[in-house]
Amino acid sequence: GIFNDSIGYDADNRGTYLGNRSTWSPYLQSYSLPNVMDGEPSGDTQYARDNLLAELKADHFDMLNMNMVDHANDALYAWLKTSGNYEVIRKYLGYRFTLASVNYPSSVSAGGNLAVKVNMNNEGWGKVFNPRNVALVLVDGAGEETEMPLSTDGRKALPGPGSSKTLDLGGTLPSKV
């Protein structure tokens, strides 16, 4: 992963881009799609106020260090809170999955094929970067759960930053259902 300890400070992020943002910024944005992206702002500049949110989004930020002791009185953090941008960061930092729709048959016999399509959106700036199991969980009228695992890793199955994806879930319905 990447840790940018001067995100949004200036156009070069205090040297992150080695004076060549046009080369390194696209690389960082591409590299941060499947990899962890973390960092922290490092000062209250007009550039930070004008560009921080756009850079967090473009660089697919998963985490942001905003809990250091010296940040408690930092003017940028105060501005983020009073301007409402702190809440924007809280809303979009990392992945933010929403369910758009689910399509499934009205009935399936035990041992039959259950085909379920789940349409999901990721409204967040980040992505799933740790292994995650994905499963369809069926719950009957008595609250009994039956899990039907998906054979792929959630990092590949779930939508990436700012995108949508349809998951084809299901399979052979267990005979006990």
Give, for atom [atom1] of [X] and atom [atom2] of [Y], the distance between the pair rounded to the nearest 0.5 Å.
X    : Y    : atom1 : atom2 : answer
T16  : L28  : OG1   : CG    : 8.5 Å
M148 : L173 : CE    : CG    : 6.0 Å
S164 : M120 : OG    : CE    : 10.0 Å
L33  : S163 : CG    : OG    : 9.0 Å
Y92  : E123 : OH    : CD    : 6.5 Å
Y104 : L138 : OH    : CG    : 11.5 Å

Do [X] and [Y] share a hydrophobic cluster (ILVMFWY, side-chain heavy atoms under 4.5 Å, transitive)?
X    : Y    : result
L93  : L76  : yes
V137 : L114 : no
L136 : V128 : yes
L169 : V102 : yes
L158 : V36  : no

Compare all side-chain heavy atoms of [X] with those of [Y] and state whether any distance is below 4.5 angstrom.
X    : Y    : result
N121 : F97  : no
L80  : I89  : yes
L64  : L56  : yes
V108 : N113 : no
W125 : P161 : no
W24  : L18  : yes
V116 : V118 : yes

Give the minimum heavy-atom separation between [X] and [Y], together with the two atoms involved.
X    : Y    : answer
A48  : G43  : CB-O, 3.8 Å
P41  : L52  : CG-CD2, 4.2 Å
F61  : I7   : CE1-CD1, 3.8 Å
A110 : P174 : CB-O, 4.0 Å
R49  : A75  : NH2-O, 4.1 Å
D140 : A142 : OD1-N, 2.9 Å

Surrounding CG of N133 (heavy atoms of other residues, nucleotides or ligands, distance under 6.0 Å), is the total greater than 12?
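No, the 6.0 Å shell around CG holds no more than 12 heavy atoms from other groups.
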
Within a 6.0 Å radius of atom CH2 on W79, are there more than 12 heavy atoms belonging to other residues, nucleotides or ligands?
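More than 12 heavy atoms, drawn from other residues, nucleotides or ligands, come within 6.0 Å of this atom.
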
Donor-acceptor pair, distance only, cut-off 3.5 Å: does the side chain of [X] make one with the backbone of [Y]?
X    : Y    : result
N13  : G15  : no
H60  : M37  : no
R14  : Y9   : no
N122 : P159 : yes

Starting from the C-alpha separation in whole Å, work towards a yes-or-no answer on side chain to side chain donor-acceptor pair (under 3.5 Å) for N20 and S22.
CA-CA 6 Å; N20 192 353; S22 63; 3.2 Å; yes

Looking at D12 and R21, is any side-chain nitrogen of the basic one under 4.0 Å from a carboxylate oxygen of the acidic one?
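Salt bridge between R21 and D12, a charged N being under 4.0 Å from a carboxylate O: no.
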
Considering only NZ, NE, NH1 and NH2 on the basic side and carboxylate oxygens on the acidic side, decide whether K127 and D62 come within less than 4.0 Å.
yes

Checking [Y] against [X]: is there a side-chain donor and acceptor pair closer than 3.5 Å?
X    : Y    : result
S32  : D59  : no
S101 : N119 : yes
Y47  : E55  : yes

May I ask you to decide if the ring planes of Y31 and Y27 are parallel, tilted or perpendicular, using 30° and 60° as cut-offs?
parallel

Set out, in order, the CA-CA distance, both residues' side-chain angles and the distance that settles side-chain contact (heavy atoms from CB on, under 4.5 Å) for T146 and K176, then state yes or no.
CA-CA 9 Å; T146 301; K176 71 174 188 167; 3.9 Å; yes

Distance to the ring centre below 6.0 angstrom and angle to the axis at most 45 degrees; does that hold for K81 and Y86?
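Yes - K81 lies over the ring of Y86, closer than 6.0 Å to its centre and within 45° of its axis.
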
